[in-house]
There are 2 protein chains.
Amino acid sequence: MHSDTGKPPTGWQAIRDDVVARIRARDWPPGGAIPHEAALAQDYGCARSTVNRALRDVAAMGLIDRRRKAGSRVALAPARRATLDIPLIEAEVTARGQSYGYALLSRDHGPAPLAVCARLGLPQGAPLLHLTALHLADGQPHMAEDRWINPEAVPGLLDVDFTTVSANAWLVRNMPYSEGELILTATQADAPRAEALDCAEGAALFTMERVTWIDDRPITLVRQFYAPGHRVVTQL
Amino acid sequence: MHSDTGKPPTGWQAIRDDVVARIRARDWPPGGAIPHEAALAQDYGCARSTVNRALRDVAAMGLIDRRRKAGSRVALAPARRATLDIPLIEAEVTARGQSYGYALLSRDHGPAPLAVCARLGLPQGAPLLHLTALHLADGQPHMAEDRWINPEAVPGLLDVDFTTVSANAWLVRNMPYSEGELILTATQADAPRAEALDCAEGAALFTMERVTWIDDRPITLVRQFYAPGHRVVTQL
DNA sequence: ATTCATAATATGTCTGCACATATTATCTGC
DNA sequence: GCAGATAATATGTGCAGACATATTATGAAT
């Protein structure tokens, strides 16, 4: 379960682990201060910068709060923090040993709905490329996506043949390094979606909505509806 | 939207931002190598350790891959990484300016279902404390939770009055610093859940399942069902 | 050509020192 | 006692240099 990947860490990581262990063991009580860097450096027999490196990591985990002059104190209610890795769907599917498939369901270019424009911060009726597509795992529907892309911000977009390449894959290759917002929610399958995903109408679909920008220029808005039963697993 | 919180960063953060900008601008092409630390240090007129600090951050963002001797290259398919902050429900609710309420729905102590024991890695029929509770926002149902706790690993558990304190809050206070696994999914509301959440039966509920351990001893398994329409927002 | 030892190289880490910065503690005059 | 100036202090950041480690490139021997 908790696979020790081998050897115990050394150097600053060893210090970090020791500090974490002492916090978990309540060696330093919640809300209390821990020794300052210089003292710890002496304890561990290393330079203060090494302790600093370790404590910075512990702070990043949310276990301690650090403030200048005030020192470091053990967090009372440590923030739980989970990191979601969002791979390409293809990688996600093949990583599970399933075969990956993709099908474009529809393609439209024209004025987008008001809600979509608003979400992207574009004027009403801006012309966007609208794609709906289906991602398959072992031939079974795995995820249905509904995507708008801004041709203004994506040169060459309208010439791409999205029947063979998924928009996601193309965008990652051609417009990488964008920033964005991710929204997780659950939606009920409406009739067309239920048909696409081959599930009951009204089924609960895990849903991810992403909006991405490059330099404050909106690139794409995509809503991805996963087939019922999909689970996203992460450590915290 | 993209709130510049004020001044431009200085020092190593400025270098990090500049490197990120140059990658986004395709100054260094995807898959290509970027100058090595010593060269960059000379460019920026700083010490190599400062560049190292900056590049470590860029690597943590997934924009570059670094390997000894091979140098740093721009990632071809940068992993999208989103960080979920999981606050206490109470904080989550009050942060939105709503009033928070809590109600215990049921409390049981006895052998747990097989599936639950398996999930926690406990022998079949282990006695666990089973709680169901409701969290309210402005008096409206906000989230229903279904929780099993292992009294073996949580001293004093059976004496706690969970009618006034939520299990989550108590555990965070008394058993902090645990590790765990988080699963995100969507479920349909069954009859009792629909009644608790005051929503239609069959509604799509955003669901979080958490299992936490301390030192490989299972603490708790909780499934939290959010009222329809709940959205988790995060940056990436 | 293939294999294996060896050198070269970029990153990883550590040290000791210095100064910057934020925040708390203390002292001062009123 | 209180407000405001001043000192003290813990962390944040930076530098130059050193060695460690992983990995690639090179050259020698077969």
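Because the structure is a prediction, the values reported are computed rather than measured. Just so we're on the same page: letters track the sequence lines, and every chain starts at 1.
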* Asked: Looking at DNA chain C, which of residues 15-33 of chain B put a heavy atom within less than 4.0 Å of it?
  ->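 Per residue number, the list is empty: none.
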
* Using a heavy-atom distance cut-off of less than 4.0 Å, which residues of residues 58-67 of chain B contact DNA chain C? ->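 Within this stretch, R66(B), R67(B) sit under 4.0 Å of the strand.
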
For [N], does either OP1 or OP2 sit under 4.0 Å from a side-chain N or O belonging to [X]?
X      : N       : result
T10(B) : dT13(D) : no
N52(B) : dG12(C) : yes
Q13(A) : dG12(C) : no

* Classify the side-chain pair Q13(B)/R53(B) by whether it contains a donor and acceptor separated by less than 3.5 Å. =>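 Short answer, no.
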
* Measure up the F162(A) and W170(A) rings against each other and bin them: parallel (under 30°), tilted (30 to 60°), perpendicular (over 60°). =>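 Rings of F162(A) and W170(A): perpendicular, over 60°.
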
* Asked: Can you tell which of dA22(C), dC17(C), dC14(C) lies closest to the side chain of K69(A)?
  ->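 The closest nucleotide is dA22(C).
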
* To do: Between R56(A) and A70(A), name the one whose nearest nucleotide on DNA chain D is closer to the 5' end.
  =>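 Upstream on the strand: A70(A).
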
Could you tell me how far apart [X] ([atom1]) and [N] ([atom2]) are, to the nearest whole angstrom?
X      : N       : atom1 : atom2 : answer
L55(A) : dT13(D) : CG    : P     : 14 Å
Y44(B) : dC15(D) : OH    : P     : 14 Å
E37(A) : dT15(C) : CD    : P     : 13 Å
D57(B) : dT11(C) : CG    : P     : 16 Å
R68(A) : dT11(D) : CZ    : C1'   : 6 Å
R73(B) : dA10(C) : CZ    : C1'   : 12 Å

* **With Q224(A), the side chain to side chain contact (heavy atoms under 4.5 Å, CB included) member among T207(A), D146(A), N168(A)** =>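 Only one of T207(A), D146(A), N168(A) forms a side chain to side chain contact (heavy atoms under 4.5 Å, CB included) with Q224(A), namely N168(A).
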
* 5' priority, DNA chain C, between S72(B) and T50(A) [closest heavy atom] ->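 It is S72(B) whose nearest nucleotide is closer to the 5' end.
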
* **Qualifying residues under ring pair (Phe, Tyr, Trp, His ring centres under 6.0 Å), relative to Y226(B), sequence neighbours excluded** =>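 Residues passing ring pair (Phe, Tyr, Trp, His ring centres under 6.0 Å) with Y226(B): H142(B), H230(B).
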
Would you indicate whether the side-chain heavy atoms of [Y] and [X] approach each other to under 4.5 Å?
X       : Y       : value
N150(B) : I219(B) : no
M208(B) : I183(B) : no
L88(B)  : V172(B) : yes
V20(A)  : M61(A)  : yes

* Asked: Does the dG12(D) base have a donor-acceptor partner in the side chain of R48(A) within less than 3.5 Å?
  ->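 Result: at least one qualifying N/O pair found.
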
* Pair E37(A)-R66(A), salt bridge (Lys or Arg N to Asp or Glu O under 4.0 Å): steps then yes or no -> CA-CA 11 Å; E37(A) 295 183 346; R66(A) 321 193 69 198; 2.6 Å; yes

